[in-house]
Amino acid sequence: GENVEQHPSTLSVQEGDSAVIKCTYSDSASNYFPWYKQELGKGPQLIIDIRSNVGEKKDQRIAVTLNKTAKHFSLHITETQPEDSAVYFCAASGPSSGGSNYKLTFGKGTLLTVNP
Amino acid sequence: DSGVTQTPKHLITATGQRVTLRCSPRSGDLSVYWYQQSLDQGLQFLIQYYNGEERAKGNILERFSAQQFPDLHSELNLSSLELGDSALYFCASSVGRGLREKLFFGSGTQLSVL
């Protein structure tokens, strides 16, 4: 099955700096890569996603890049703000056993702290 | 507010007991997913139901079972509970079968097994 590795597990930046979180995946059949943000006491919330036919996608201060050959993708947050502090999860969607259905496999998360 | 409702928010029980977690998906969503979140394992996919039928299965233990009812709400049953089952259990929903879809997560049920 799919395996998603996420680094770093914790990241501390100063307000205004950029933050980068990296993920690798194992199954070359995976074709959808979302990023979720989880604030304290809440469930994860989708912030951006990318499909395998796209190399980069941007939404205001957030961007995601995908390298299918190397099987890795990254989240970039520019001009970080204290409200960006949260746990960020990457995920990869690939076929589950049998190949007829797809399931989302999450990385273990990155705790981002933005210091004012 | 994601629109996904999970009850109860907290559950404290003893080893060997059985509990039921309940989830109401967003209006119009046909898929319900269950995830287990722990500090060491992260978010682990347990099971997905689509319109009442089991669609995909993850690392769900045999002591655990789930179902989705005709009104599309779902229940996750955990039996013969062990200390290691203590975790945050999330329900999520999506419009369709889950292929490249946005998942909407509830706020979770914190299960503590003592």
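None of the values given here were measured: they were computed from a predicted structure. To find a chain, count down the sequence lines: A is the first, B the second, and so on, and within it residues start at 1.
- Listed in order of number, the residues of residues 3-14 of chain A that approach chain B to under 4.5 Å between heavy atoms amount to none.
- At a 4.5 Å heavy-atom cutoff, B:Phe104 makes no contact with chain A through either its backbone or its side chain.
- Using a 4.5 Å cut-off between heavy atoms, A:Tyr36 touches chain B through its side chain atoms alone.
- For residues 46-70 of chain A, the interface with chain B (any heavy-atom pair closer than 4.5 Å) comprises A:Leu46, A:Arg51, sorted by residue number.
- Contact of B:Gln37 with chain A is made through the side chain alone, with heavy-atom distances under 4.5 Å.
- For CG of A:Leu40, the number of neighbouring non-hydrogen atoms (other residues, nucleotides, ligands) closer than 6.0 Å is 12 at most.
- Interface with chain B: from residues 106-116 of chain A, residues A:Phe106, A:Lys108 qualify, criterion being any non-hydrogen pair under 4.5 Å.
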- request: Just do the side chain to side chain contact (heavy atoms under 4.5 Å, CB included) check on A:Gln38 and B:Phe90 with the steps written out, would you?
  value: CA-CA 12 Å; A:Gln38 185 177 17; B:Phe90 283 107; 3.2 Å; yes
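- Of the two parts of A:Pro44, the backbone and the side chain both hold a non-hydrogen atom closer than 4.5 Å to a non-hydrogen atom of chain B.
- B:Leu103 and A:Phe33 fall into different hydrophobic clusters, defined by Ile, Leu, Val, Met, Phe, Trp and Tyr side-chain heavy atoms under 4.5 Å apart, directly or through other members.
- Shown here for A:Lys103 and B:Phe45, the closest heavy-atom pair between the two residues is CD-CD2, 3.8 Å.
- For A:Gln45, the CD atom sits in a loose shell: 12 or fewer heavy atoms of surrounding residues, nucleotides or ligands are nearer than 6.0 Å.
- For a residue to count as touching a neighbouring chain, one of its non-hydrogen atoms must lie under 4.5 Å from one of that chain's; by this rule B:Leu39 does not touch chain A.
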message: Quick one, A:Phe89 with B:Leu43, criterion side chain to side chain contact (heavy atoms under 4.5 Å, CB included). Give me CA distance, side-chain angles, the key distance, then yes/no.
response: CA-CA 9 Å; A:Phe89 292 95; B:Leu43 269 167; 4.3 Å; yes
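- Within residues 14-24 of chain B, no residue has any heavy atom less than 4.5 Å from a heavy atom of chain A.
- Counting heavy atoms of neighbouring residues, nucleotides and ligands inside a 6.0 Å radius, atom CD of A:Gln81 exceeds 12 of them.
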